[in-house]
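Computed from heavy atoms alone, side chains included, the values below leave out hydrogens, waters and symmetry copies. All residue numbers in this chain count up from 1 along the given sequence. Note that ligands are numbered from 1 as they come in the structure, with each ligand's atoms numbered from 1 the same way.
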Amino acid sequence: MNSTQGYLLDIQEKFEHLKVEQTRIFEMFEELASFQIRLAEFSGLSNHEDLYMKLLDVLSSTVEFSFAQILRRSEGTDGFELVHEKGVPGAMRELLTLDENLLQWAVANEQVSIYPVEDEGVLTCAQSMIVIPLVGRREVVGATVLWTPFPSEELNQHVFQMLSIFSKEVSGSMENLDLYLRTQSLTYLLDNTIESVPHAIIVFGLNDRIIACNKNAEFLFGFKRFFALEERYQDVLPKDVSHTFSALILSTLEGRCEIDQEMDYAIDARTRLTLGISSSLLSDKHGTPQGVLFICRDMSLSREVEKLRDLDSMKTEFIHTVSHELKTPLTAIMSGTDILLNDKENLSPDHKEIVGIIDDASHRLQALLTDILDMSRLEDGSIEVEREWRSVEDLVTSEANMLVNASPTHTLKLEVDEDLPKVFVDAPKIRQLLENIIGNAVKYSPKGGTITVAVQPDDDHLAVSVTDQGVGIPEADIDLIWDKFYRTELATNQQIEGTGLGLSIVKHIVDLHDGEVRIASQENAGSTFTIRLPVKRSSQEET
Ligand code: ADP
């Protein structure tokens with residue numbers, strides 16, 4: 001072979017080599033292009049599970065692996081948690097140990113890395129481990145770890161490049177998906193909030209079109225959201241409402257931030273209500289106005305409540321004034337009957353009886369007036385509380401002895417623990433409270449029986465309980481007997497006298513002392529009233 005032939009052969013060989021190289025580059029190019037197409041599919045995914053499956057799917061067409069794990073950064077920590085895995089059978093799972101330092105290094109350096117698996121004797125299908133960091137634009141998203149059946153040095157440069165591209169692209173998609181899901185749940189929360197507000201909410205854009213509204217707005221203004229959104233509010237809302245809104249929009253745009261207005265509005269021929277409408281300007285983050293928000297609430301109910309409250313306080317004031325005015329003539333009557341009763345001998349039997357009845361009735365009237373005046377002072381907070389350290393057992397014992405022993409049909413049983421702590425109380429008020437509770441126990445056991453009065457420590461309280469064997473309280477009445485003037489039928493049917501004010505006074509006094517009251521009762525068997533007074537000193541009391 002001459003030199004020309006040798007030269008030609010050499011060129012031909014190089015040409016063949018170039019052709020192989022070109023085909024390889026062509027194949028790589030095609031591979032890369034289809035890889036890019038597959039990566040683009042990530043952006044259309046709307047949940048994590050699909051994304052994890054797609055991620056491993058794309059990886060499996062790029063590099064051979066036996067096992068894979070996807071880990072996500074645990075919220076608010078530097079650690080990772082496993083969220084998805086593939087090809088990791090139970091028994092082998094134990095053998096796959098993952099060095100957290102390798103993961104941390106890969107995410108800190110944002111670099112795909114491959115490591116030989118030390119324990120290759122155990123798992124031939126896991127000779128090396130590839131860590132693909134997933135780091136988004138704003139934060140570390142996680143990492144994917146692949147166990148490959150080939151040694152680490154066999155990972156070729158081209159695949160390595162593809163994995164690096166993959167790492168960047170998928171991290172971005174994952175971050176976007178996280179953001180999308182977060183925004184979606186926030187939007188849902190916001191929608192829910194708007195829907196659950198008990199007022200009608202409606203938002204107009206600056207082009208007068210309805211941008212948003214809630215179901216209360218639909219109901220109040222009688223339209224269907226589906227047809228109303230993006231329509232001009234003037235075409236959707238009742239004429240009178242849209243006129244009011246037009247005026248409010250003008251004043252809102254003129255710069256007054258929050259505007260309130262009231263209008264009479266007829267929902268239908270039978271239902272009229274007073275609407276309270278507040279409007280405020282909605283701006284974007286640059287402060288450019290985007291629309292006007294209206295919140296419309298039904299003022300009729302609050303007006304009614306206001307009226308009832310006014311009436312109630314007028315009634316209380318009236319009762320207070322009348323009671324006060326009655327006290328002076330009553331004192332005169334009582335002094336008169338006292339004088340007459342002191343001179344009983346000079347009265348005829350008939351007159352004696354009449355004076356006795358007047359005396360009895362005036363004492364009852366006096367008790368009623370005292371209760372009413374006490375009640376109204378307790379209610380308006382004008383009553384003075386003068387506390388001192390007192391031993392409750394003294395108060396209890398004297399009241400119980402006085403009230404129960406005065407009744408011939410009742411027996412008193414006192415159960416007072418020794419060495420009880422003192423309590424910081426207003427003694428006359430506690431006396432008044434005991435008088436009511438023990439007095440009731442006697443009064444509401446008309447057939448007599450035992451009245452047990454006990455004083456015991458109960459956690460950080462002192463419990464005073466009064467038990468009778470009387471008519472009892474029906475379960476349905478237990479919560480009601482604290483209301484002013486409320487009396488049970490059991491009491492009224494048996495013509496037991498009372499005003500229905502005593503327990504309301506008791507409740508107020510207990511509240512003034514930060515205490516509690518409990519009742520246990522059984523019809524026709526008896527009741528137990530327990531008053532719990534706190535023993536612990538508050539810092540204020542100690543000074
Ligand atoms: P009054 O005894 O003047 O009617 P209270 O406010 O003291 O008013 O009591 C309210 C109602 O609670 C009583 O009318 C009665 O029906 C019921 N009640 C209170 N204490 C007892 C009790 N120990 N046993 C049965 N019923 C009671």
Check this for me: does any side-chain nitrogen of one of Lys484 and Glu379 sit under 4.0 Å from a carboxylate oxygen of the other? yes

Notebook entry, point to check: So, are Asp511 and Lys507 salt-bridged, with charged N and O less than 4.0 Å apart?
Noted result: yes

Worksheet item: Less than 4.0 Å between a side-chain N and a carboxylate O, is that true for Arg272 and Asp264?
Response: no

Ligand 1 to Gly502, heavy atom cutoff 4.0 Å, flagged ligand atoms 5 (P), 6 (O), 7 (O), 8 (O)

Among non-hydrogen protein atoms, atom 4 (O) of ligand 1 lies closest to Arg487 NE, 2.6 Å

shortest atom 23 (N) of ligand 1-to-protein heavy-atom contact is with Asp468 OD2, 2.9 Å

Checking heavy-atom distances from atom 25 (C) of ligand 1 to each of Ser521, Gly439, Gly472, Gly470, the winner is Gly472

Counting heavy atoms under 4.0 Å, the part of Ile473 that contacts ligand 1 is side chain

Note: Lys443, heavy atoms under 4.0 Å from ligand 1, region reported as side chain

(message) Regarding Lys315 and Asp312, does a basic nitrogen lie under 4.0 Å from an acidic carboxylate oxygen?
(response) yes

Under 4.0 Å between heavy atoms, the region of Phe529 that gets near ligand 1 turns out to be side chain

task: For the pair Glu415 and Lys413, find out whether any cationic side-chain nitrogen is under 4.0 Å from an anionic carboxylate oxygen.
output: yes

Give yes if a backbone or side-chain nitrogen or oxygen of Asn436 is under 3.5 Å from a nitrogen or oxygen of ligand 1, and no if not.
no

